[in-house]
Amino acid sequence: MEPPIQTGSLLIRMQNCQAQLPAALAKVGEWALAYPFRTATLKIGELAAAAEVSVASVNRYARFLGYEGYPEFREDLLRAFESTFAPVEKLRVAVQRDTSNAEIMRESLASDAGNITRTKELLQPEQCEAAIRLIRDSNRVVALGLGDSAYLALFLADVLEPYVDHVREAIEFAGTERTIRRLMTVKPGDLVIAITSPRYSRRTIEHLQLCRERGAKAIALTDAPDSPIVPLADVTLLAGADHGVRHSSPTGLMALIVALGTALSRSGPDSVGQAADVAERILPYLHVVPKAKRPTE
């Protein structure tokens, strides 16, 4: 039997292949899917014993997935988990260091300052112009984000609201069903702005794929050119997201969203007039402190 085409993540490939496997190989796949991280740490004989099959069956399972043998499969599986468990290792290192809380906080702030600098360096003028055009030309804008990025999607929707006639967020605070129901209203002429950074959400990728299939344009706000949502986007804006302890930092993406809103604020037909009108209407609700007079010379 020919090995399947290697597309998507390894775990998805394993799941898709399961129904095609002979009985002995299916037992290996069933165990590996139930305990993927443990599988990545086991030697071939240990996996064979756990799945109650022969060592040869484990090797044949790996070859069915397109690998030369089990060592290559195990190495790829370990890589698949590398980004997931990287924050655990970073935290382990941080805990072992003899340093003060204040120093840890300074390092975190320095890391975020670096992320903002990195975000500035990553800006590409043509991508910025294309992003503003897409936002201005769209019928509706949907801000899509899950996990940590859900808060960024809410922030993005709030930043865009003064400059876009119809903007809404698609997040999963109320569950996947509600998000899918909302995304099923997306149609040609709409724009989805998807946000994700390590650890990337598989569901974000699936939701964005759904929106593309329904004819929507897409902007990706993410951290790297090899981010999984980049191939699905018409325009990509990148932001620094590194952190010394956490899996990633949202500071660069948040600064990028503020910068995007700033560019939009000056791109409208009467941006100054609209800003003045808003300022006038909210003035009664603000606590205004008069500036102290300068002493006369």
Side-chain angles (χ1 to χ4, degrees), residues 9 12 80 82-88 90 108 111-112 114-116 118-119 122-123 127-128 131 134-135 138 140-161 164 167-184 186 190-212 216-262 264:
S9 74
I12 293 175
E82 185 177 7
S83 63
T84 303
F85 286 91
V88 179
K90 289 193 289 185
S108 179
S111 175
D112 278 332
N115 280 328
I116 293 178
R118 175 68 174 152
T119 302
L122 288 168
L123 281 181
Q127 294 289 295
C128 297
L134 280 176
I135 295 171
S138 63
R140 294 185 304 168
V141 176
V142 177
L144 170 63
L146 309 180
D148 290 350
S149 297
Y151 300 97
L152 291 171
L154 279 172
F155 181 60
L156 173 64
D158 186 67
V159 167
L160 295 182
E161 191 173 31
V164 178
V167 60
R168 67 192 314 185
E169 72 283 347
I171 55 181
E172 291 202 355
F173 292 153
T176 304
E177 180 182 351
R178 178 178 179 273
T179 302
I180 292 176
R181 188 172 69 240
R182 178 163 287 190
L183 294 176
M184 288 298 290
V186 168
D190 293 343
L191 171 67
V192 177
I193 305 180
I195 309 171
T196 191
S197 62
R199 313 167 194 175
Y200 304 114
S201 166
R202 189 174 71 187
R203 193 160 286 154
T204 299
I205 304 165
E206 294 169 351
H207 288 340
L208 184 56
Q209 180 66 56
L210 169 65
C211 293
R212 295 313 310 258
K217 297 288 187 179
I219 295 174
L221 303 185
T222 188
D223 69 303
D226 60 354
S227 168
I229 63 171
V230 170
L232 297 172
D234 298 287
V235 173
T236 297
L237 299 178
L238 299 176
D242 293 338
H243 197 273
V245 177
R246 292 171 48 85
H247 53 86
S248 64
S249 169
T251 304
L253 282 164
M254 182 167 286
L256 180 61
I257 291 169
V258 172
L260 190 61
T262 303
L264 276 170

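Predicted model, so just to flag it, every value in this text is computed and none were measured.
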Measure the [atom1]-[atom2] distance between [X] and [Y] for me, rounded to the nearest 0.5 Å.
| X | Y | atom1 | atom2 | value |
| --- | --- | --- | --- | --- |
| Leu144 | Leu221 | CG | CG | 10.5 Å |
| Leu183 | Arg168 | CG | CZ | 9.0 Å |
| Arg118 | Asp223 | CZ | CG | 10.0 Å |
| Thr119 | Leu123 | OG1 | CG | 7.5 Å |
| Met254 | Leu156 | CE | CG | 10.5 Å |
| Glu206 | Ile180 | CD | CD1 | 8.5 Å |

Give me the atom names and distance for the closest heavy-atom approach of [X] to [Y].
| X | Y | answer |
| --- | --- | --- |
| Ala241 | Asn115 | N-OD1, 3.3 Å |
| Glu161 | Val167 | CA-CG1, 3.8 Å |
| Thr196 | Ser201 | OG1-N, 3.6 Å |
| Ala218 | Leu134 | O-CD1, 4.4 Å |
| Ala153 | Ile171 | CB-CG2, 3.8 Å |

Side-chain donor or acceptor of [X] paired with backbone N/O of [Y] under 3.5 Å:
| X | Y | answer |
| --- | --- | --- |
| Thr179 | Ala170 | no |
| Ser138 | Asp190 | no |
| Ser111 | Asp242 | yes |
| Arg203 | Leu146 | no |
| Ser227 | Ala224 | no |

Using side-chain heavy atoms (C-beta onward) and a distance below 4.5 Å, is [X] in contact with [Y]?
| X | Y | value |
| --- | --- | --- |
| Pro225 | Leu238 | yes |
| Leu260 | Val159 | no |
| Lys217 | Val235 | no |
| Ile219 | Thr236 | no |

Check against side-chain contact (heavy atoms from CB on, under 4.5 Å), Val164 and Leu191: CA-CA 11 Å; Val164 178; Leu191 171 67; over 6 Å; no

side-chain contact (heavy atoms from CB on, under 4.5 Å) evaluation trace for Leu253 with Ser197: CA-CA 9 Å; Leu253 282 164; Ser197 62; 4.0 Å; yes

Worked check of side-chain contact (heavy atoms from CB on, under 4.5 Å) between Tyr200 and Ile229: CA-CA 9 Å; Tyr200 304 114; Ile229 63 171; over 6 Å; no

Verdict with supporting geometry, Ile257 and Leu152, side-chain contact (heavy atoms from CB on, under 4.5 Å): CA-CA 8 Å; Ile257 291 169; Leu152 291 171; 4.3 Å; yes

More than 12 heavy atoms from other groups under 6.0 Å of CZ on Arg140: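 Result for CZ/Arg140: enclosed.
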
